[in-house]
Participant: 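Dropping the structure in here first, questions after.
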Amino acid sequence: MHRYLRFPFMLASFLVAVACHAATEQTLTTEDDLGPQVQQPIEFPHYRHAGNRNPVDPTNSDPTKGGMEINCQYCHTYARRSLTAGIPPLQKCVGCHQNIPTVRDKPRIVELFKYWDAKKAIPWKKVHDLPDFVRFNHERHIKRFIEQQGRPVQEVCGYCHGQVKEMVTARRQKPITMGWCVSCHMKEHVVVAKGAIPEGGTPIGKQDYWYTFQKPAETRNAEGELTAKGPNDCWLCHK
Amino acid sequence: MIDSESTKNLSGQAFDRRDFLKVLGFGGTAVALSGCGNTSIEDGKETVVSYVEAKDYVIPGVAVYFNSTCAQCDAGCSITGKIREGRVLKLEGNPESSINRGKLCGLGQASVQHHYNPDRVREPLLRNGDKGQAISWEKAYELINEKLQGAKGEEVAFITGDVSGHQKVLLTNYIDSLGSKNHFVYEAVAPAVVRAGNLKSYGVEMPRYRIDKAKVVLSFGADFLGTWISPVHFAQQYAAFRKGVDGQRGVLIQAESKMTLTGANADRWLAVRPGTEGILALGIINALGIATGDVAELVKDYDRARVSRDTGVEPSNIDKIAAILRLRSPSLILAGSAAEGYVHGMQNADAINLLNHVLGNVGKTIEAPVSVPFPQLTQTKGNTASLKKLNDDLAAGKYKVLFNIATNPVYTAPASYKYGDSMAKAGFKVAFAHYLDETALQADLVLPLDSEMEDWGTHVPEYLADTAQINIQQPLMERLHANTRGMGDILLTLVKQRKPEEYKAFDDYYGYLRYAMLQNKAALGGSGDDDVFWNDTLSKGIVKLSGASGALSAKAAVEGLKLPQPEEADKQYPLRLIPSVTSNLRDGRHTNQPWIQESPDPLTTIVWDSWVEVHPKKALELGIVEGDIVKVTSKTGSVNVQVYVFPGIHPEAVSIPMGRGHEAMGRYAKGYGVNPFGIMDAVFEGSTGELAMHETRVNIAKTGQRVIVVKDEGPAGGKQMGRRVALSRSTDQVDLSKEV
Amino acid sequence: MKDIREDIAWAKINQDVMKSLENPRPLYWVILFFAVLTFGIGIGCEVYQYQMGMGVANLDNPHVWGLYIATFIFWIGMSHSGTLLSAILHLMHADWRKPIYRFAEAMTTFSLMTAGLFVMVHLGRLWQFYYAVPYPNERWVWPNFQSPLLWDAMAIFTYLSSSVLFLFVGMIPDLAIARDNMHSGWRKKLYTLLALGWEGTDRQWRNFRVTYLTIACFLIPLAVSVHSIVASDFGMSQQPGWHVTSFPPYFVAGALYSGCAAIITLFIILRYVFKFEDYMTLPILKKIVRLTFAIAMVWTYLNCIEFASVWYSHDAVSKDLLIQKMTGPYAPFWWAMIFCGSIVPLVFAIKRFQTNIPVLFATSLLLNLGMWLERWMIVSPTFSHGYYPWTWDHDQWPSMIQWGIVFGSFGWFTLLFMVFCKMFPSVSMYEVKEMVYHRTLHLKQNGASEQTVEQGVH
Amino acid sequence: MSVTNLLNNWAAVRHFHPIDDKPHDPYKWAMAIDLDACIGCNACAVACYAENNLPVVGREKFQHGQAMHWMRIERYWNEDSREFPDQGAEFLPMMCQQCEAAPCETVCPVGATNHTQDGLNSQIYNRCIGSRYCSANCPYKVRYFNWYDYPTTDNVWPAEMNYQLNPDVTVRGKGVMEKCTFCVQRLRAAEVTAKGEGRIVREGEVQTACQQSCPTNAISFGNLVDPESRVYKQWKAQQVDLAKDEQEKDKREGGTDLRGYRIFEDLRPYPSVMYLERVRESAV
């Protein structure tokens with residue numbers, strides 16, 4: 001190749017590569033995209049509380065062999081009722097732990113009771129810290145995926161928060177960038193109506209309506225199932 | 001979530017009071033200060049503040065609502081406070097209350113800014129030379145006790161604003177325990193002449209006005225949409241009145257010398273020569289031609305030509321008004337404060353009220369008031385005559401100890417009183433204050449009060465709408481500053497100094513209040529469990545009572561009604577000064593709330609400053625234009641103020657709004673505008689002794705300076721320049737019956 | 001009269017132009033000093049504005065655009081004359097452009113760079129300017145391709161890159177000369193690098209000519225489109241005074257006009273500072289002046305068209321605005337614009353003044369002022385007197401910060417331009433040689449007198 | 001990030017143009033303001049300050065026209081040159097008209113302002129780069145720019161005053177445009193609650209701050225698609241059609257006896273706020 005053409009050729013190749021890269025749908029959920037390990041005032045062992053029970057001996061509560069499969073929502077009770085997941089009040093920790101004398105002298109529990117006796121809130125560090133102008137609605141996602149679609153709690157929470165049940169203190173596993181959120185909202189999800197509350201809605205006037213941009217007629221996938229996209233409206237999260 | 005920096009700001013306070021009141025910091029979704037700052041995901045940078053213990057109803061990110069009472073004016077609107085993570089965010093009207101029915105005016109909305117105000121007094125301050133020295137409450141109480149030891153009962157005086165409810169009971173008990181009879185209830189802007197006039201004409205001080213039932217409202221300077229008595233309530237009545245009884249839209253006619261907010265909403269606004277409102281009223285009676293007996297005798301001289309000459313109202317307008325009043329009944333005639341700020345104010349009021357009798361409105365659109373079955377809780381009604389008396393006494397050196405409770409007479413007293421000097425003659429001056437205002441600055445001891453969002457209380461408004469009610473005031477959040485105290489708590493402590501035995505059962509005012517309310521549970525319409533009743537009361541925010549209605553006197557009071565002829569213009573002071581009361585600022589106690597300062601005056605759209613309104617004709621005559629700084633001089637003094645050329649004022653009058661021109665009080669109030677009290681002459685209404693605010697005469701001189709008037713209105717000056725923006729049409733072009 | 005003396009030896013051309021890279025007149029340093037000074041002030045103002053917020057420019061809520069946008073259009077406009085001289089006249093074989101097109105092209109580039117700065121200066125959050133750039137990003141959002149402002153950004157970027165390329169390509173033979181004549185040092189290395197191994201072979205000349213012509217052809221529609229797009233920032237909006245169909249040609253005419261005026265100014269300065277009296281001759285100046293006069297008249301005509309279309313459009317709001325411009329608070333500036341833009345160029349019609357340097361200098365400055373005022377009068381009155389009467393503003397006089405940045409932009413432009421002229425040959429040596437060569441060839445062939453030669457040439 | 005995303009983005013911009021065949025579904029938030037009921041008392045404006053974290057700019061900045069009142073009450077006088085304004089003043093509450101074909105939306109270079117499916121004209125602060133083109137193209141001039149960094153400006157939110165800030169609304173820093181949002185934080189909360197319960201937002205369930213405070217109920221707000229809503233009924237009764245640039249009733253000979261109108265309808269922004277003309281008694 002002529003030496004003068006070398007550079008233009010390389011440039012063109014690069015641009016084509018970028019375009020091809022951009023043209024393919026990417027899932028931005030790379031497993032190794034971990035956030036920093038955040039130092040917490042008390043090393044709360046999530047795996048102990050939420051982790052799977054020991055499959056061999058379910059009654060064995062040896063910490064090295066598994067957890068207690070406590071529902072995420074048992075402690076993170078605000079998430080289904082509010083925009084914010086919130087942090088459980090100290091009362092909640094103490095409520096159980098004052099009745100568990102076996103671990104009472106473990107250093108973390110001792111630390112916990114120090115806070116309780118001083119009636120001081122624990123200064124937890126925020127792990128999944130979105131920018132200040134983003135308002136993610138926990139309640140809505142839990143309503144839809146857990147209550148309406150009946151999916152398992154840990155799967156639903158884990159979609160954004162990762163495998164918390166295997167962690168000690170929580171650590172970010174997903175990028176939670178805007179593109180990551182949007183990539184999910186742009187997918188056609190099959191609509192499952194389970195439980196008491198139907199996913200669709202009630203017609204107003206004589207007009208059928210659907211949640212999203214599309215009319216129901218347009219939102220059937222190849223199998224003929226109803227599908228819907230998540231809302232695509234900036235003002236849902238930024239306001 | 002809250003970042004660690006903000007936690008530090010908050011950590012000065014102990015987080016151990018009632019759960020819902022606890023300040024959780026900016027929990028939940030962040031208050032994104034500079035919402036465009038943190039633009040990336042930053043794990044582990046911020047601290048989440050969580051609760052130690054939490055009630056079930058407290059959910060981060062979800063607001064809780066508590067009902068209370070607005071204390072910005074005396075109308076007694078009930079409010080609902082929106083509380084998130086222990087902070088009051090916003091006040092809304094409480095729909096339970098028949099006074100404001102879920103609505104709230106701008107002034108009421110702004111009271112959160114009173115609560116969060118950075119200029120509030122935070123510590124008890126004892127005068128030390130020119131400075132205030134922070135002392136403890138114990139020391140302050142001791143000091144008061146000590147000073148009272150050295151004073152006889154009659155040497156102790158109290159000046160307060162309107163008080164009602166249990167606070168009034170405690171205050172009265174305290175004053176009694178001191179053996180003092182000197183309780184001066186002072187309100188700078190109070191409908192005292194209205195009350196006296198009503199008493200004379202209708203037999204009650206404050207009847208219920210039913211604007212919503214009237215087909216025509218003729219108001220003589222009553223700014224019922226802006227400032228008069230209970231504006232939020234009247235505005236709601238006004239809305240119903242405009243919708244109309246059986247589909248006929250109500251007609252509002254406003255006669256006054258300076259256009260008020262109500263005047264700006266009138267179908268016909270009449271510019272009346274200042275002080276001649278009574279003559280106009282009699283002229284209308286004459287034109288109606290339906291009066292008989294001594295009334296007819298009284299009005300026979302007030303023929304159209306004469307009335308028109310005296311008042312400046314065109315004869316055709318008098319005819320039109322008489323015609324519509326004759327045609328549409330019932331009507332309602334209102335005598336407002338603007339008509340009564342003269343030496344002959346009572347005569348004006350009588351003449352205007354007479355019109356109601358002639359038209360047969362009494363009993364139809366003027367109804368008997370409901371009475372509250374607890375007379376000890378009803379409002380003591382403030383007036384200006386009390387300040388005159390107090391001032392005279394102070395000047396005579398009669399008092400050794402003066403308690404000033406949340407009033408600011410140094411600012412609102414006419415300059416000729418020299419109230420500051422009089423006050424200096426009192427031996428020991430205690431000011432209970434929210435801000436270091438003009439009066440607090442002159443006190444020897446300043447005691448910081450809780451805001452109405454931190455304090456307990458009960459209020460009984462003077463003007464009650466449908467039923468009698470007691471309004472509950474309860475804390476919406478924990479005390480913002482550790483060293484402020486509620487007025488009730490202070491009074492309780494003080495009264496305990498005197499009568500320790502009687503009050504020893506009560507730890508604090510809350511306990512007293514709860515006890516007192518529960519004592520009368522049956523009378524308050526409660527039954528069953530105390531706690532249930534109490535919680536129910538608190539959650540509603542008001543207690544509705546079945547109060548009996550009084551009776552109105554059907555007979556018109558004609559005796560002694562004699563109106564003076566309008567005076568010839570004074571050569572030296574040719575203009576009348578109308579110190580106008582605006583709906584934002586009123587008597588100036590809220591000036592330090594920035595929303596109030598930045599909320600444009602509805603008529604001139606001016607913000608952050610005072611102005612003098614001059615009619616265009618007069619302005620042309622004097623050669624002044626908008627923005628000229630003029631010197632407004634009265635016999636008492638003078639102020640320099642910017643001119644706003646305003647068509648809605650009688651050419652013989654100029655008007656300066658009240659409420660600005662503070663020399664102290666705080667960063668948002670100090671140094672903005674001028675204070676018209678400073679040039680007000682001390683002239684008094686003939687029969688009540690109230691300050692006749694519209695009797696000051698002034699002249700105007702250019703100073704040669706000119707400024708740009710800070711206002712929202714553009715240079716087009718309220719003209720639409722042919723654009724179709726705000727449209728209007730007359731009733732014959734519109735069919736209102738089709739409307740929803 | 002001839003455009004250029006033809007007895008100049010090629011060596012002397014090299015020598016004269018190379019001398020401009022070494023020792024200009026002292027005035028050069030004075031100009032450079034003031035340029036740096038004003039630029040410094042501008043930078044200071046911008047830093048302050050960046051820190052405090054746009055409010056320090058004393059813009060207000062109805063009046064959100066001010067001198068920044070006006071000056072932005074001014075600089076964009078200025079850039080057009082370079083393209084006119086170097087590309088359009090190149091295609092038209094107007095030989096007289098040869099000694100002056102280089103600096104005109106440099107002017108294009110630098111005024112575009114200045115204009116680009118104003119896009120940044122104007123942004124409320126300039127640290128986020130990359131949101132307007134279409135590139136794949138983690139947010140999964142694109143800019144709004146409907147916005148004229150985005151077209152604007154793209155057009156300017158394209159125009160700037162093309163102009164830089166055009167300037168550079170046209171300079172290659174001269175860079176080679178500079179490379180060969182420069183004493184050793186960093187500049188020699190720079191020229192060596194930039195000359196891209198130019199040897200002056202026939203093959204190189206042939207490729208060079210084709211490339212140059214191609215870029216010239218590409219640049220002409222681009223130049224027209226750029227200012228049309230700037231015009232559509234206004235024309236596509238809905239505001240009175242802006243929503244005018246004739247804006248694109250009007251803007252292009254205005255652009256050429258202000259560019260030509262600027263060329264006259266810079267011509268006179270360069271001629272003196274770099275002792276280019278032999279190349280930037282009075283006959284050439286005369287031709288520019290005549291061209292400018294013609295464009296001035298076109299502009300005046302388009303101006304009248306605009307007024308007439310407003311007047312007869314029955315659009316009361318636009319009409320109102322026009323009357324307001326003539327009589328309202330902006331009237332002095334508006335009439336100054338008419339005076340500077342339409343009356344002052346009449347001086348050019350007088351033959352005596354067409355070569356009178358002091359008069360031309362003063363006049364060209366006035367024309368530039370007029371054109372700047374024109375842009376201001378397009379931008380500001382619409383804000384002050386738009387559709388909504390309530391928000392007509394009281395007090396919108398640009399603050400010192402705003403003026404400071406506007407003046408700073410002049411400093412920045414002058415700085416770039418002056419540094420360029422000292423760094424690179426601002427007179428195209430090889431093309432001047434062509435001029436001289438053609439003429440000497442004639443002389444040799446005909447052996448005729450000067451008189452006949454001139455007739456033959458023309 | 002994909003080309004499909006790019007194309008979607010592009011196509012969605014004018015998705016909800018009223019003359020398009022896509023109806024608003026299930027919400028179209030709209031307003032009706034009765035100028036005959038409006039008394040100009042400013043309660044709505046103050047409520048807006050409280051709800052939406054509007055900064056108080058102070059005297060100097062107000063003088064320079066940098067006030068940030070999303071809701072402004074305009075006061076107009078009758079233009080006949082009588083001695084007194086004897087028909088009172090005309091008050092007009094003016095805020096973002098949430099136009100269906102908003103002039104501001106098409107011109108924003110970064111798409112920081114665009115249309116939502118429930119018929120709002122959204123303003124995304126964190127996307128805004130501050131070109132101010134939207135304000136330049138707004139016929140109503142109801143967009144307000146953050147000329148200064150108000151959160152850090154003295155005496156805008158000094159200590160304690162910042163406790164009042166509404167956590168649901170972003171506090172805007174310098175250099176971004178803002179405007180009335182129809183209290184979108186309230187709308188979204190109500191929509192999400194309703195969605196969770198499988199229904200639409202009922203009439204009266206959500207109020208804007210201005211509507212809530214208005215003592216005369218001059219402002220009504222609701223879902224224009226919902227035939228039960230007061231706004232729907234008012235628009236219907238006044239024969240004002242959202243998708244028209246000139247109403248049928250105005251074309252009728254002899255005019256109309258209805259008083260509903262929209263400001264600058266003929267410029268075709270299709271505003272979502274209908275005003276009802278102020279009425280004056282002809283008998284006096």
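Every chain is numbered from 1, with letters handed out A, B, ... down the list of sequences.
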Participant: Look at the aromatic rings of D:F84 and B:H650 and report parallel, tilted or perpendicular, splitting at 30° and 60°.
Facilitator: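 D:F84 and B:H650: parallel rings.
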Participant: In plain terms, say whether D:R172 and D:E178 are close enough for a salt bridge, that is, a side-chain N and a carboxylate O under 4.0 Å apart.
Facilitator: yes
Participant: Taking 4.0 angstrom as the limit, do B:K243 and D:D34 come out as a salt bridge?
Facilitator: yes
Participant: Does a side-chain heavy-atom distance below 4.5 Å link B:N317 with B:L270?
Facilitator: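 When only atoms from C-beta onward are counted, B:L270 and B:N317 do touch, with a gap below 4.5 Å.
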Participant: Shorter than 4.5 Å, heavy atoms on both sides: which option in B:R120, B:R249, B:Q597, B:R723 has the most such pairs with chain D?
Facilitator: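 That would be B:R249.
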Participant: Hey, which of B:P600, B:G717, B:A240 has the most heavy atom pairs under 4.5 Å with chain D?
Facilitator: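 Top count of heavy-atom pairs under 4.5 Å with chain D: B:P600.
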Participant: Side chains of B:E598 and D:F62: closer than 4.5 Å at any heavy-atom pair?
Facilitator: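 Yes; the side chains approach each other to less than 4.5 Å.
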Participant: What part of D:Q238 lies closer than 4.5 angstrom to a heavy atom of chain B: side chain, backbone, both or neither?
Facilitator: side chain
Participant: Counting only heavy atoms closer than 4.5 Å, note whether D:C38 contacts chain B via side chain, backbone, both or neither.
Facilitator: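 Only the backbone of D:C38 comes within 4.5 Å of chain B.
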Participant: Tell me, for B:R667 versus chain D, whether the close heavy atoms (under 4.5 Å) come from the side chain, the backbone, both or neither.
Facilitator: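 The answer is the side chain of B:R667.
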Participant: Is D:P93 close to chain B through its backbone or its side chain, or both, or neither, when contacts mean heavy atoms under 4.5 Å?
Facilitator: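 Answer is neither: D:P93 stays 4.5 Å or more from chain B.
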Participant: Counting only non-hydrogen atoms closer than 4.5 Å, does D:A283 touch chain B with its backbone (N, CA, C, O), its side chain (CB onward), both, or neither?
Facilitator: both
Participant: Measure D:S220 against the heavy atoms of chain B and call it side chain, backbone, both or neither at under 4.5 Å.
Facilitator: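 Neither; nothing under 4.5 Å.
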Participant: Under 4.5 Å from any heavy atom of chain B, what part of D:L35 do you find: side chain, backbone, both or neither?
Facilitator: side chain
Participant: Please identify which of these residues, D:Q97, D:R259, D:R262, meets the side chain to side chain donor-acceptor pair (under 3.5 Å) condition with D:Y275.
Facilitator: D:Q97
Participant: Before we go on, tell me: are the rings of B:W595 and B:Y668 under 6.0 Å apart, centre to centre?
Facilitator: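 When the ring centroids of B:W595 and B:Y668 are compared, they turn out to be at least 6.0 Å apart.
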Participant: Is B:K719 atom NZ crowded by more than 12 heavy atoms from other residues, nucleotides or ligands, each under 6.0 Å away?
Facilitator: no
Participant: With respect to chain D, which residue among B:C105, B:G226, B:P594 yields the maximal number of heavy-atom pairs within a distance under 4.5 Å?
Facilitator: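 Among B:C105, B:G226, B:P594, the one with the most close pairs to chain D is B:P594.
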Participant: So what's closer than 4.5 Å to chain D heavy atoms on B:K617: side chain, backbone, both or neither?
Facilitator: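 Looking at B:K617, just its side chain touches chain D.
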Participant: Less than 4.5 Å to any heavy atom of chain D: does that hold for the side chain of B:I649, its backbone, both, or neither?
Facilitator: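 The backbone, not the side chain.
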Participant: D:E74: which residues meet the salt bridge (charged side-chain N to carboxylate O under 4.0 Å, His left out) condition with it, sequence neighbours left out?
Facilitator: D:R72
Participant: Please state whether the side chain, the backbone, both or neither of D:A47 comes within less than 4.5 Å of a heavy atom of chain B.
Facilitator: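 When you check distances to chain B, atoms from both the backbone and side chain of D:A47 fall under 4.5 Å.
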Participant: For D:F91, is it the side chain, the backbone, both, or neither that has a heavy atom closer than 4.5 Å to a heavy atom of chain B?
Facilitator: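 Just its side chain gets close to chain B.
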Participant: For B:R122, does the CZ atom sit with more than 12 other heavy atoms under 6.0 Å from it, leaving out its own atoms?
Facilitator: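 Enclosed: over 12 neighbouring heavy atoms sit under 6.0 Å from CZ of B:R122.
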Participant: Using non-hydrogen atoms only, which part of B:V232 is less than 4.5 Å away from chain D: side chain, backbone, both, or neither?
Facilitator: both
Participant: Any cation-pi pair here, D:K61 with D:Y148, using under 6.0 Å and within 45°?
Facilitator: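 So D:K61 does make the cation-pi contact.
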Participant: Hey, are the side chains of B:L104 and B:L91 touching, using non-hydrogen atoms and a 4.5 Å cut-off?
Facilitator: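 Heavy-atom side-chain distance check passes, below 4.5 Å.
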Participant: By number, which residues in residues 204-212 of chain D have some heavy atom less than 4.5 Å away from chain B?
Facilitator: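 Under the 4.5 Å heavy-atom cut-off, D:A209, D:Q211, D:Q212 qualify.
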Participant: Pairs in or reaching into residues 46-58 of chain D: which pass salt bridge (charged side-chain N to carboxylate O under 4.0 Å, His left out), with residues at least two apart or in two chains?
Facilitator: D:E51-D:R186
Participant: Can you list the residues that meet the salt bridge (charged side-chain N to carboxylate O under 4.0 Å, His left out) rule with D:D86, with sequence neighbours excluded?
Facilitator: B:R268, D:R82
Participant: Under a 4.5 Å heavy-atom cut-off, does chain D meet the side chain of B:Y672, its backbone, both or neither?
Facilitator: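 B:Y672 touches chain D through side-chain heavy atoms alone.
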